[in-house]
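Values below: every heavy atom of this structure, side chains too, minus hydrogens, waters and symmetry copies.
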Amino acid sequence: MASLDDKYLAVARVYSQAILDLAEQQGLSDQVGDELAELARYVGENQEFADFLGSPLVDAGERQVAIEKILRGRVSDLLVNALQVVNRKERMLLVPAISETYRQELRDLRGRVDVEVKTPVALPESLREKLRAAVTHFTGRQPDLIEKVDPGLLGGMVVQIGDDKIDASVASKLTALSEALTKRASQEIVRGTPYAGQ
């Protein structure tokens, strides 16, 4: 997902939590999540529709009619009704952010976590399983791996779990070693003793 402003995400989270509470009561949490994701994808791919939803020049009543015409009967009534509330509050611009925060809230509720893994080559299944087990031990949650191949890594992997980054790449180790050696050499020079490289 494209980076979203923290303020938008905070407001969107208020709506997504309310929607998720209702969806849980009705046993529709996964369905509503899928519907929101599809709507957000459509908004992202159709600038004209995105402009219609977010423009202050478009009357809320006009959007209300369009939401009913386009979505009623195609998605859950719960989602249509929720979007009508969002529309009345002039917050339709937040649909992509609501979709993302809903996804995050649902994953938290289900005890799952997204884990982004960067490696220089594709992970073999044996290492993938070990990584899943380690992440489960570390977070207490079931991980869903988002794997990315980055040939720029010299070896190892970089694992991102939310805001926590676990960098086990050889490149980062080499950088840290180089910095430590440079610091040690500088200290030896300042003290006036020859650097022995130890």
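When only modelled atom types and interatomic distance are considered, Arg110 and Gln142 share no side-chain donor-acceptor pair under 3.5 Å. Side chain to side chain, Glu24 and Ser29 meet the donor-acceptor criterion of an N or O pair below 3.5 Å. Side-chain contact of Asp51 with Gln47: a donor-acceptor pair under 3.5 Å is present, judged by distance alone. A donor-acceptor pair shorter than 3.5 Å cannot be found between the side chains of Glu68 and Gln64. Under 3.5 Å, the side chains of Asn81 and Arg72 contain a donor-acceptor pair of N or O atoms.
The minimum heavy-atom distance between Val149 and Ala122, with the atom names listed, is CG2-N, 3.9 Å. Of all non-hydrogen atoms in Ala12 and Leu94, the two that sit nearest each other are N-CD1, 4.3 Å. For the pair Ile19 and Tyr102, the tightest heavy-atom approach, listed with the atom from each and the gap, is CG2-CE1, 3.8 Å. A pairwise comparison of heavy atoms in Leu9 and Ala97 identifies CD2-CB, 4.2 Å as the closest pair. Considering every non-hydrogen atom in both Met157 and Leu123, the closest pair reads CE-CD2, 4.0 Å. Considering every non-hydrogen atom in both Met92 and Leu83, the closest pair reads SD-O, 3.6 Å.
Classification of Glu35 and Arg74 as a salt-bridged pair fails, no side-chain N sitting under 4.0 Å from a carboxylate O. The pair Arg112-Asp144 meets the salt-bridge criterion, with a side-chain N (NZ, NE, NH1 or NH2) lying under 4.0 Å from an Asp/Glu carboxylate O. Electrostatic pairing of Arg141 and Asp114 does not count as a salt bridge here, judged by no charged N lying under 4.0 Å from a carboxylate O.
Ile161 and Leu127 fall within a single hydrophobic cluster, where Ile, Leu, Val, Met, Phe, Trp and Tyr side chains are chained together by heavy-atom contacts under 4.5 Å.
Annotation: side-chain hydrogen bond (donor to acceptor under 3.5 Å, both in side chains) contacts of Arg63 (sequence neighbours excluded): Asn87, Glu90.
The distance from atom OG of Ser99 to atom CD of Glu38, rounded to the nearest 0.5 Å, is 10.0 Å. One distance of note links OH of Tyr8 with CG of Leu93; it measures 5.0 Å at 0.5 Å rounding. Leu78 CG to Gln31 CD: the interatomic distance, rounded to the nearest 0.5 Å, is 9.0 Å.
Judged purely by atom type and a 3.5 angstrom limit, Asp150 uses its side chain to pair as donor or acceptor with the backbone of Gly152. Of the possible donor and acceptor atoms, one in the side chain of Thr101 sits under 3.5 Å from a partner among the backbone N and O of Ile98.
Contact annotation: the side chain of Val115 approaches that of Val117 to within less than 4.5 Å [non-hydrogen atoms, C-beta and beyond]. A heavy-atom distance below 4.5 Å is found between the side chains of Leu22 and Gln25. Phe49 has its side chain within reach of Leu39: a pair of non-hydrogen atoms, C-beta onward, lies under 4.5 Å apart. For the pair Thr119 and Glu147, the minimum side-chain heavy-atom distance is 4.5 Å or more.
Applying the side-chain hydrogen bond (donor to acceptor under 3.5 Å, both in side chains) test to pairs two or more places apart or on separate chains, those with a residue in residues 131-140 are Glu129-Arg132.
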### Task
Run the numbers on Leu131 and Arg128 for side-chain contact (heavy atoms from CB on, under 4.5 Å), then give the verdict.
CA-CA 5 Å; Leu131 180 59; Arg128 192 175 289 125; 5.7 Å; no
